[in-house]
Student: 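Got a structure for you, questions after.
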Amino acid sequence: MRSNEPVGDPVRPLVSVGYYPTRDTRATIDLARELDGGIVDTLWIGDSPLIWRECWATIALCLAATETLRYGPAVTNPVNRHWTVTASTVQTLDEYAPGRVRLGIGVGDSALRRLNGGVARLAELRSAVHGMRTLLADAAADTGPDGPEVSWDRPPRQVEILLSGSGPKTLELAGELGDGAIIVPGIVPGAVDQVLERVAAGRRAAGKDPATLHSVLWVACAIGEEERAWADVRPWVASILRHPLAFDTSPEVDAARERIRAGYDFSHHMSHGSGHGEELPVEVLRDFAIAGTEDQVLAGLNAAARLPVDEIGLVVMGRDVHDQVARLNKLLNDSWLA
C-alpha cells in the first residue's frame, strides 16, 4: 500500500477500468482495443453469469485481440466455479499471455444472489485462495480435509491474486492472503484510511508487511452533463451501500442503506432502469463516485490520486459505454497529472 503523499504533490497511481459486459462480446473487444497501449493498465470484467456475458470467455477473446492490456475478473467467487476450474483457467490464459492475467476474487454477490443463494463463507474463500495459489505454484494442492490431493503436469505460474472486500472480516482476510485488495470505501480520505487499516491489520496479523500489498480503489465514473452523470453512477453507489461496510457513515447514509437493502432486486443489478438508490442525493454520491463534465472528472481523478492507494479502478457507468471509455481514455492519456 502506498503511503500518504503531500497534498500538493500527487503521484499518479496505476489506473484501470471496470466494465460490466452487457453488450455483444465484439463490442467489448473493440473497447479493449481502444484501451490497449495507453495509460490504462487493466480492464476488469464483471463476473455474474446470469446478468453479464461470460467473464472468462470475454477475457480470453480480448487477450487474443490486444497486445499489452491486462485483464481480470472483478470479481469471481469460489462457489459458481470450483477453485480448480478457476485455477486451470488462469493458468491457461497466463501461459498464453504471460503477466497479463490478474485474479480478483471475493465471497460473491450478484452471481450467487441471482441463484437465490447466499455468498460464500470466509472459510470457503480462504480455502480456495490457498488451493489456487498452491496449485499454480507447485502443481499440486489439497482440496480439503475430506477431498483428494489434486495435481497437474504444467509449469508453475505466478499470478497476482487480489481479494475484494467491504466488511471488516473480509478486508482483514484480503490483507492476510492477498497479493492485493480491491476496496470500495468511496473517495473520502477518512473512509479510505479506515478501510486500509483493516486490510493492514490482517496483513500484520499474518506476519506480513502491509507495504507489500497492492491496493485497488474501486470507484464509479461517468462523464457528461453533470446531472445525468450523477444519475448514471447512482446504481453503482446503491449497490455498494447495501454491503457490510468498514468505515463510519452518517445517519442519512445509514437510513438510505436500509431502504436500498429492503428493495434491492438482483435481476436488475447495476441497471440504470432499476431505480436502486434513486433517493440518494448528489451530496452522498460525491463521496463514492467521480462524475460530471470532463473538467470535473479530471479534478476528481486528481483528488483521488492523493489517496494512499496503488491503483484506481474506474467503473464505467455512463450509458453509452464506448463513448464513455473513449472520452475517459483520452482524458487520462492527455491530461491526468500530465
Student: Could you tell me which non-hydrogen atom of Gly186 sits nearest to which non-hydrogen atom of Val192, and how far apart they are?
Tutor: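 Looking at all heavy atoms of both residues, the closest pair is O-CG2, 3.5 Å.
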Student: Charged N to carboxylate O under 4.0 angstrom, Asp47 versus Arg81?
Tutor: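 Salt bridge between Asp47 and Arg81, a charged N being under 4.0 Å from a carboxylate O: yes.
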Student: Nearest heavy-atom pair of Gln324 and Cys221: which atoms, and what distance?
Tutor: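 Minimum heavy-atom contact is OE1-O, 4.5 Å.
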Student: Any link between Leu61 and Leu31 through a network of hydrophobic side chains (Ile, Leu, Val, Met, Phe, Trp, Tyr) touching at under 4.5 Å?
Tutor: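 As far as the 4.5 Å side-chain criterion goes, Leu31 and Leu61 are not connected within one cluster.
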Student: How long is the gap from CZ on Arg327 to CG on Leu332, to the nearest 0.5 Å?
Tutor: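 Output value for this atom pair is 13.0 Å.
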Student: For the pair Val129 and Ile161, evaluate side chain to side chain contact (heavy atoms under 4.5 Å, CB included) and give the outcome as yes or no after the intermediate values.
Tutor: CA-CA 8 Å; Val129 171; Ile161 300 177; 4.3 Å; yes
Student: Could you go through the side chain to side chain contact (heavy atoms under 4.5 Å, CB included) check for Val107 and Asn77 one step at a time?
Tutor: CA-CA 5 Å; Val107 295; Asn77 68 79; over 6 Å; no
Student: Kindly state each residue pair satisfying ring-ring contact (aromatic ring centres under 6.0 Å, His included) with at least one member in residues 47-78, sequence neighbours excluded.
Tutor: Tyr20-Trp52, Trp52-His269
Student: On a heavy-atom basis, which atom in Val297 and which in Gly292 lie closest, and how many Å separate them?
Tutor: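 Here Val297 and Gly292 meet closest at CG2-O, 3.6 Å.
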Student: Ion pair present between Arg228 and Asp232, side-chain N to carboxylate O less than 4.0 angstrom?
Tutor: yes
Student: Just by distance, do the side chain of Asp179 and the backbone of Leu213 share a donor-acceptor pair under 3.5 Å?
Tutor: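 No: the side chain of Asp179 does not pair with the backbone of Leu213.
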Student: Quick check on the hydrophobic clustering: are Trp336 and Val216 connected, directly or via other members, by side-chain heavy-atom contacts under 4.5 Å?
Tutor: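 Per the 4.5 Å side-chain linkage, Trp336 and Val216 are co-clustered.
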Student: Checking Ser166 side chain against Pro244 main chain: does a donor-acceptor pair fall under 3.5 Å?
Tutor: yes
Student: Do Pro49 and Asn80 come within less than 4.5 Å of each other through their side chains, counting heavy atoms only?
Tutor: yes
Student: Any non-hydrogen side-chain atom of Pro13 less than 4.5 Å from a side-chain atom of Glu311?
Tutor: no
Student: For salt bridge (Lys or Arg N to Asp or Glu O under 4.0 Å), just list the numbers for Glu226 and Arg286, CA-CA rounded to whole Å, side-chain angles, deciding distance to a tenth of an Å, and then say yes or no.
Tutor: CA-CA 12 Å; Glu226 188 174 2; Arg286 290 184 193 279; 3.3 Å; yes
Student: Between Pro185 and Leu217, is there a side-chain heavy-atom distance shorter than 4.5 Å?
Tutor: yes
Student: Using a 3.5 Å distance criterion without hydrogens, assess whether the side chain of Asp138 forms a donor-acceptor pair with backbone atoms of Ala140.
Tutor: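 Flag not set: sc Asp138 to bb Ala140 has no pair under 3.5 Å.
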Student: For Met270 and Trp236, which heavy atoms make the closest approach, and how far apart are they?
Tutor: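 Minimum heavy-atom separation between Met270 and Trp236: CE-CD1, 3.6 Å.
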Student: Could you tell me whether a side-chain N or O of Asp36 sits under 3.5 Å from a main-chain N or O of Leu69, the two making a donor and an acceptor?
Tutor: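 Checking the backbone N and O of Leu69 against the side chain of Asp36, a donor-acceptor pair under 3.5 Å is found.
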Student: Looking just at side-chain N and O atoms, do Ser88 and Gln91 make a donor-acceptor pair shorter than 3.5 Å?
Tutor: no
Student: Taking the side chain as everything from C-beta on, heavy atoms only, tell me whether Leu177 gets closer than 4.5 Å to Arg126.
Tutor: yes
Student: Is it true that a side-chain atom of Asp41 and a backbone atom of Leu14 form a donor plus acceptor pair closer than 3.5 Å?
Tutor: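 No: the side chain of Asp41 does not pair with the backbone of Leu14.
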Student: Tell me whether Val85 is reachable from Val90 by hopping between hydrophobic residues (I, L, V, M, F, W, Y) whose side-chain heavy atoms are closer than 4.5 Å.
Tutor: no
Student: Find the distance between OG1 (Thr89) and CG (Asp94) and round it off to the nearest 0.5 Å.
Tutor: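 Separation between the atoms: 12.0 Å.
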Student: So does Glu294 have more than 12 non-hydrogen atoms from other groups sitting under 6.0 Å from CD?
Tutor: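 Atom CD in Glu294 is crowded, with more than 12 foreign heavy atoms closer than 6.0 Å.
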Student: So does Arg203 pair up with Glu172, basic N to acidic O under 4.0 Å?
Tutor: no
Student: Thr212 side chain to Asp209 main-chain N or O, any donor-acceptor pair under 3.5 Å?
Tutor: yes
Student: Quick one: pull up CG in Asp287 and CZ in Phe247 and give me the separation to the nearest 0.5 Å.
Tutor: 9.0 Å
Student: Let me see the working for Val159 and Met132 under side chain to side chain contact (heavy atoms under 4.5 Å, CB included), right down to the final yes or no.
Tutor: CA-CA 10 Å; Val159 176; Met132 288 187 294; over 6 Å; no
Student: Let's go through Leu171 and Val195 carefully: what are the C-alpha distance in whole Å and the side-chain angles of both, what is the deciding distance for side chain to side chain contact (heavy atoms under 4.5 Å, CB included) to 0.1 Å, and is it a yes or a no?
Tutor: CA-CA 7 Å; Leu171 289 168; Val195 166; 3.7 Å; yes
Student: Donor-acceptor pair, distance only, cut-off 3.5 Å: does the side chain of His272 make one with the backbone of Met317?
Tutor: yes
Student: Going by atom type alone, with no hydrogens or angles, which donor-acceptor pairs under 3.5 Å involve a side-chain atom of residues 275-282 and a protein atom two or more places apart or on another chain?
Tutor:
from	atom 1	to	atom 2	distance (Å)
His276	ND1	Ser274	OG	3.2
His276	NE2	Asp265	N	3.1

Student: Can you check whether Val237 reaches Trp230 side chain to side chain, under 4.5 Å on heavy atoms?
Tutor: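 Sidechains of Trp230 and Val237: no contact.
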Student: Between Ile290 and Leu331, is there a shared hydrophobic cluster once you connect ILVMFWY residues whose side-chain heavy atoms come closer than 4.5 Å?
Tutor: yes
Student: To the nearest 0.5 angstrom, please state how far the CD atom of Glu149 sits from the OG1 atom of Thr143.
Tutor: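 Output value for this atom pair is 9.0 Å.
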Student: Judged by atom type as modelled, is there a donor-acceptor pair below 3.5 Å linking the side chain of Arg261 to the main-chain atoms of Arg242?
Tutor: yes
Student: Are Trp218 and Val309 packed together at the side-chain level, in the sense that at least one heavy-atom pair is separated by less than 4.5 angstrom?
Tutor: no
Student: Any chance the side chains of His322 and Glu34 put a donor and an acceptor closer than 3.5 Å?
Tutor: no
Student: Atom CD of residue position Glu225 - does it have more than 12 heavy atoms of other residues, nucleotides or ligands inside 6.0 Å?
Tutor: yes
Student: Between CG of Leu125 and NE2 of His130, what distance do you get to the nearest 0.5 Å?
Tutor: 13.0 Å
Student: Determine whether Ile29 and Leu43 fall in the same hydrophobic cluster, where Ile, Leu, Val, Met, Phe, Trp and Tyr are linked whenever their side-chain heavy atoms lie under 4.5 Å apart.
Tutor: no
Student: Quick check: do Tyr96 and Leu63 have side-chain heavy atoms less than 4.5 Å from each other?
Tutor: yes
Student: Looking at side-chain heavy atoms only, is the closest gap between Val284 and Val253 below 4.5 Å?
Tutor: yes
Student: So how far is it from Thr28 OG1 to Ile45 CD1, rounded to the nearest 0.5 Å?
Tutor: 6.0 Å
Student: Please answer whether the main-chain N or O of Ala123 pairs with a side-chain N or O of Ser127 as donor and acceptor at a distance below 3.5 Å.
Tutor: no
Student: Any idea which heavy atoms bring Gly106 and Val75 closest together, and the distance?
Tutor: N-CG2, 3.8 Å
Student: May I ask you to decide if Thr25's main-chain N or O and Arg53's side chain share a donor-acceptor pair within less than 3.5 Å?
Tutor: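 Not a single qualifying donor-acceptor pair exists.
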Student: Are a donor atom and an acceptor atom from the side chains of Thr42 and Arg100 found within less than 3.5 Å of each other?
Tutor: no
Student: Closest approach of Gly46 and Cys55, non-hydrogen atoms and distance?
Tutor: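 Answer, listing the atom of Gly46 first, then Cys55: O-CB, 3.7 Å.
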Student: For Arg121, does the CZ atom sit with more than 12 other heavy atoms under 6.0 Å from it, leaving out its own atoms?
Tutor: no
Student: Would you find more than 12 non-hydrogen atoms of other residues, nucleotides or ligands less than 6.0 Å from His82 atom NE2?
Tutor: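 More than 12 within 6.0 Å, yes.
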